[in-house]
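Read the structure below first, then the notes.
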Amino acid sequence: MVLDGENFMQEVYLKQGISHFFQCSIRGGTTVRIVPTGCIDITFLYSKSDGYMRAVAVGTFLQYTEKTETEDLEMFGVRLFPGFHPSFLKYSMVELVDRIRVLDSETFSERMIRRMQETKSFYERVGVFLKEFTALEDEKEEPFGKRELLEVVKETIYRRNGLIEIASLEEITGYSTRYINRVFMAEMGFSPKVFCKILQFQHAVEFLNYGSLAWSYGKMDDNLPTKMADIATFLGYYDQPQFIRDFKKYAGITPKKYLDMVSDGNYRSRTNSSDFYNRFYS
């Protein structure tokens, strides 16, 4: 989205199941590239031609996908944590895999959509979303049974960046691998192994986008790898061929070509990022 859109802004949040907020403009005719994230995006699309805003839920795609927009759009989005599913969404994770679903008033707060349309400032939109989102999430029931198991598995995989043997989840949860796979597939629409692969891929993308900034919390680290073979090992891949094969499956191009694209497209300079809400509303 940084490279395919214009005037990209983001606000990293990392609370309440929310990774970050983002906003950008998409010109009609632009082909937007979509890669697997393991996340749900709640996105508000404002059509500049008819002045109408609609809300959609974008589920995780399991392979590289392209979508061409037919009109000029202003987009405000909310990226949730990998595997996090808001209780108020009527669509399950399974129903959102490889799909974009329109959110109607029964699924979402109609008041939120109306206020989003009336609000033009990025930070005001963040505030509107947080207020409505918090109210809706406060109404949810506590998870139990299979849902509780699912949350433990997702949190464990997420905490380890996808670098975990699925069999080791048996010791952590007390349930068999077969049962864990069955519950995960039924609730998420894909296996724990695929979830691990997607998270590992997302960390690879983060490293290639930001390098040492992403892995040393803003402090340059001369010990970080620069050669692709060393990067593959650093990111937990068995070897460079596996890294290239898995990355190409999800991104549509090799890590080297992606890195060239990030460099040629001035990725970092195109990202207007701040810490406004964490500084003033923590």
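Positions are given from 1 along the sequence. Since the structure is predicted, the reported quantities are computational estimates derived from the model, not experimental observations.
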Decide yes or no for [X] and [Y]: does some side-chain heavy atom of the first lie under 4.5 Å from some side-chain heavy atom of the second?
X      : Y      : result
Gln23  : Phe21  : no
Pro255 : Ile244 : yes
Leu150 : Met188 : yes
Ile172 : Ile164 : yes
Leu199 : Asn161 : no
Tyr13  : Val126 : no
Phe44  : Met112 : yes
Gln200 : His203 : no

Are [Y] and [X] linked, directly or through intermediate hydrophobic residues, by side-chain heavy-atom contacts shorter than 4.5 Å (ILVMFWY only)?
X      : Y      : value
Leu149 : Tyr158 : yes
Leu235 : Tyr238 : no
Val78  : Ile100 : yes
Val102 : Ile34  : yes
Ile40  : Val94  : no

Rounded distance (nearest 0.5 Å) linking atom [atom1] of [X] with atom [atom2] of [Y]:
X      : Y      : atom1 : atom2 : answer
Phe22  : Met1   : CZ    : CE    : 5.5 Å
Arg160 : Glu165 : CZ    : CD    : 11.0 Å
His20  : Phe81  : NE2   : CZ    : 11.0 Å
Phe190 : Ile198 : CZ    : CD1   : 5.0 Å
Arg79  : Thr43  : CZ    : OG1   : 8.5 Å
Tyr91  : Leu103 : OH    : CG    : 7.0 Å

Decide if atom [atom1] of [X] counts as having more than 12 heavy atoms of other residues, nucleotides or ligands within a radius under 6.0 Å.
X      : atom1 : value
Glu66  : CD    : yes
Arg178 : CZ    : no
Gln63  : CD    : no
Glu6   : CD    : yes
Arg33  : CZ    : yes

Without hydrogens or angle criteria, can the side chains of Thr30 and Glu69 be said to hold a donor-acceptor pair below 3.5 Å? no
For the student: nearest non-hydrogen atoms of [X] and [Y], plus distance:
X      : Y      : value
Gly162 : Cys196 : O-CB, 3.3 Å
Asp246 : Lys197 : OD2-NZ, 2.9 Å
Arg101 : Glu95  : NE-O, 3.2 Å
Lys146 : Val183 : O-CG1, 4.0 Å
Asp239 : Ala232 : O-CB, 3.9 Å

Side chain to side chain contact (heavy atoms under 4.5 Å, CB included) between Val205 and Val35, intermediate numbers included: CA-CA 10 Å; Val205 169; Val35 299; 5.5 Å; no
Donor-acceptor pair, distance only, cut-off 3.5 Å: does the side chain of [X] make one with the backbone of [Y]?
X      : Y      : value
Glu132 : Ile113 : no
Thr156 : Val152 : yes
Asn181 : Ser191 : no
Glu170 : Thr177 : yes
Gln240 : Ile231 : no
Glu171 : Ser168 : no

When you look at Val262 and Val2, which way does the side chain to side chain contact (heavy atoms under 4.5 Å, CB included) test go after all the steps? CA-CA 10 Å; Val262 167; Val2 175; over 6 Å; no
Could you tell me which residues satisfy side chain to side chain donor-acceptor pair (under 3.5 Å) with [X], sequence neighbours excluded, listed by chain and number?
X      : value
Thr70  : none
Lys131 : none
Tyr175 : none
Arg99  : none

Could you pull out all residues at least two apart from Arg54 that satisfy side chain to side chain contact (heavy atoms under 4.5 Å, CB included)? Leu45, Tyr52, Val56, Glu71
Step by step, would you call Arg159 with Glu155 a salt bridge (Lys or Arg N to Asp or Glu O under 4.0 Å)? CA-CA 6 Å; Arg159 207 169 50 240; Glu155 176 62 24; 3.7 Å; yes
Among Tyr64, Tyr258, Phe201, the one residue meeting ring-ring contact (aromatic ring centres under 6.0 Å, His included) with Tyr250: Phe201
Is there a side chain to side chain contact (heavy atoms under 4.5 Å, CB included) between Phe129 and Ile42? Walk through the geometry before answering. CA-CA 10 Å; Phe129 183 88; Ile42 297 176; 4.2 Å; yes
Pair Tyr237 + Phe247: ring centers closer than 6.0 Å: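 Not under 6.0 Å, so no.
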Are Arg115 and Glu118 within salt-bridge range, i.e. N to O under 4.0 Å? no
Salt bridge between Arg125 and Glu74, side-chain N to carboxylate O under 4.0 Å? yes
Quick one: ring pair (Phe, Tyr, Trp, His ring centres under 6.0 Å) partners of Phe76, sequence neighbours excluded?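 Partners of Phe76 by the ring pair (Phe, Tyr, Trp, His ring centres under 6.0 Å) criterion, ordered by chain and then number, come out as Phe122.
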Quick one, Lys154 with Phe184, criterion side chain to side chain contact (heavy atoms under 4.5 Å, CB included). Give me CA distance, side-chain angles, the key distance, then yes/no. CA-CA 9 Å; Lys154 288 191 297 185; Phe184 207 92; 3.7 Å; yes
